[in-house]
Amino acid sequence: MAISASDIRSALSLPGPSAPSAPQSTLRKAQSQSTSNKPANNFTKKPEGISRELYALIGPSAPSLAAHLAKPRLKQKPNLGGGGKVKWEWRPFKNGARGDSLRLSHWAKEASDSDAEYPFVKYNIQSTPFTYSQDEYTRFLEDRDWTKEETDYLFNIVKEYDSRWYIAHDRYDYPEGPVRTLEDLKDRYYSVCRKLIRSRPWAGDESSKAQFLSSYMFDKEREVTRKGYIASLETRSQAEIAEEEALFIELKRLEQNERRFKKERDELLRTLLGVDSGLPDVIGEEDGPAGLVGEPSSASVKKKKGVKGTIGIGDEVPTTPSVISLGPPVPRRPQSAKSAAQDAIHCIYRSDPPASSTTVQKNTHVPAHLRSFKIPLPKTAIAPKVTQALTELGVQHARLVMPTRENCLQMEALLDAATALVETKKVVDRVEQETRVLRVRLGVRSSEGAEGNEPDDVEKEGDEGTPMEVEEGKEEDGRAQSVVSTRSGRGRKQSRRSISVSSIDTSASLSTRAGMKRQKRS
Amino acid sequence: MVNYGGDEVSALVVDIAIVSSYYGYTANASDGDVQMGEAEPKDDATSDTPKPKNDAKLYLGQHGPSIWRKGMEIGNPVRDGLISDYNPVPALMSHALVDVMRTNPSEHPILVTEPAWNTPADRERMAEIMFEEFQVPAFYIANTGVLNAFAAGKGSALVIDVGHSMASITPVVDGFVLRKGLVYSALPKLVHAHARHILVGSTQTRRGIDLYPHQLIANKSPVEPSAPPRFTLREDRMAGTTESWKTWYENREVDEWVQSVAGVLDQGWNEQAAAARQPRQYEFPTGYNTYFGPERYQVGEQFFYHSPQLIASNPNLPKNVPALLSESLRACDPDLRQVLMGNVVLTGGGSLFSGFADRLETELSRNFPHVKIHAPGNPIERRYGGWLGGSILASLGTFHQLWISKEEWQEHGKAIVGQRCK
């Protein structure tokens, strides 16, 4: 690789031979703004942080960003505040918490203020104890058990030990006084304080006074009882403690057994009865002995009585047995006002057992179930027809996405309407068939007149069907559907004898769909 | 400086104990660390002639009582933890502070420790010595129980302090001793006497052991274990040896035997367990050496259990540790018992007895459900807990308002000691 003179020059930042040696001021200027191309002086200094070879390639038209690139450096050493020496001196200081003129000495920075307050003085906090005058004592604080001198002594000692009661009690030694327990001392002290607070004028409002007063509450009886309990706990003998332990373990074992029995029983029930056993599919962890004891017995009672009923519980899906057993299903009995109010609070809806659309009508107990399990189904005989009709109408009924109470009602109404539609269609077909047979019997005589009457009959039947459906479905759409399908059936009665309701006019189906949408939204 | 709450004022901490007194010099700490200057063990209480003679020459320190001198008597100002004789105290203090530590007492505040059962008169006397003879600028006297709790980093604790002559249990709450719960007994003395009895008394297998100190033995030759010793005494010294010096040295020999051989079983007395332990060999200054088997565990058993025969024969038997504990706790409020049992601090040189901490733990956890024992593994911390706590206390910034200054002493007199040092 040949190194030219210009390379060396640029490496050493010497001005090129062509350029006249620039005066010092221009050179510095060129250094400072190397990227700006100066036509007057085409010598520019290589900016910092860009290699010489690269600069030779791209020339002075290097992007301005390159000028900011700094040379990579080692990580900066942390500045630990070293460097400058700190001078310390042995200096006497004044402790503000002391009452005398003792000057102890300590090491302090020479620079620090020698008159500054001693930093530990702020921790010297004195409590402000209650004091009382002779007058106050005679008016409020007289007590048969306590003399004024002993009360004074008590207050002094409490003040001296900053209300450390254990120590105050330990050091309490009033000459010729009766032996006082810790509770005696506390009781006397706090009762005096309470009396003083009550009798003195209070600056703040009543609530703050009551709050302040409550901080001086002391229930001697309760304290004594509590300490008695603690002492009795401590005086238990080794054998008693062992017995307690054994009893506790026994109890735990019994509980565990109980739980296991219940689990096995549930298992059995579920195997025998399936969903009708009324047990949730997923077994939640039983969390308390209360639910453990209470639930199965009540369930068995219900089962024995054979009460028929269904509970629909609001928006929440019942998972724990205690929630299910919350509402006793007694459907025939009128609800009391209390339970009704409770139901309203807890969003519980009680529904009568579905009479029309349920497949199985057992005379046995209808246990609690998820609403989505009991979505009404069409009668098995005509189920395929109903399904077909609904599919042709473009209604997805197979799966109810959100089986809320309202939606279930809507679903039921829809199925009712569809069933009615299919039934009506059947009737129409039968009548038509009869008509045809009669016509054949009549022969070819007056065939024109008979044909002219028939549509009216069918029309009439369709009209008759409508109010019936309104009764059942209470839905405008139900009627629309039935009317439409009836008409279509009539329109095609001659061509086909199928029960299919395939060809409906588009406008009607559209309106139906819109209606369904509205239903679902509501 | 404020961050850790310390403010060093170069106070001296003097912990007067029966075997040795420890005095420390909390050296200056410019940026936080409390550095321990010197903490030099030193035998404290020795005066060579009976007290009445004021012109007696005192030998103090490491080379004081342990060296044989003609006609030298041994004395000790401390009896049962209390200073019973104040005459040698100034000399001892002066030796410690001036001769060994090379300090000028009039420049340093001094914190002195006292046992929890110290009398008001004693602490006033100590204050008087400090102010009047040493001209200290400030003085404070603190309770060893409290200081041991501080050394363990606790404000409330049940301090079990087993010393050389006294075992005490001190309930400390919020840095104050509960005086009603304070119990103590001369239990270590009983253990010592029992150990001495084992050594000196002869059994079927061996004769009583002579406890002559090295200083009285001219020469000896090695012998087989349990063989009679072959040694000659220094007859020239025998005549000048005083009874008190001899007793003191014999006691030292017993103590050394106890420290190196004796122990306590951690699960209570059990003949088989004691027999199963390895016997330990020990050689006395006379050259006599032998193996000590189960008998070495009988020594420690005295701390925790007294046989009915012993109780019957000795009505003034010092209470053992479980008895002391139950007595102390009975005097405390039921609310406090749980707190105290959760903060048991084991301290004192006597607690270094082999197996003591384990046995204590067994005894306590048998009777109390939640026991936590704080027993420093470091023997220095265990022995000098009082000094350590004093050093901590004297370097606290908030403590400096509690010093009794010379000015206050002159103004209020002795009464200030009782008022300030609660």
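Values below: all heavy atoms of this structure, side chains included; hydrogens, waters and symmetry mates excluded. Chain letters run A, B, ... following the sequence lines, proteins first, then strands; residues in each count from 1.
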A:Arg103 versus chain B, the contacting section by heavy-atom distance below 4.5 Å: neither

Distance-only polar pair, side chains of A:Arg91 and A:Ser105, donor-acceptor under 3.5 Å: no

Under 4.5 Å from any heavy atom of chain B - which part of A:Asp100: both

Donor + acceptor pair across side chains of B:Trp403, B:His400 (<3.5 Å): yes

Donor + acceptor pair across side chains of A:Trp202, A:Ser208 (<3.5 Å): yes

Side chain, backbone, both or neither of A:Ile167 within contact of chain B (heavy atoms, under 4.5 Å): both

B:Phe399-A:Phe120 aromatic ring centre distance below 6.0 Å: no

Distance-only polar pair, side chains of B:Glu114 and B:Asn143, donor-acceptor under 3.5 Å: no

Ring geometry between A:Tyr118 and A:Phe93 (parallel below 30°, tilted from 30 to 60°, perpendicular above 60°): parallel

Residue among B:Asp335, B:Leu396, B:Thr398 with most heavy-atom pairs under 4.5 Å to chain A: B:Asp335

Contact class of B:Leu402 relative to chain A, heavy atoms under 4.5 angstrom: backbone

Best-contacting candidate, A:Gln238, A:Arg164, A:Lys227, A:Arg171, against chain B by heavy atom pairs under 4.5 angstrom: A:Arg171

Portion of A:Thr181 that has a non-hydrogen atom of chain B nearer than 4.5 angstrom: neither

Interchain contact, A:Tyr172 with chain B, by part (heavy-atom threshold 4.5 Å): backbone

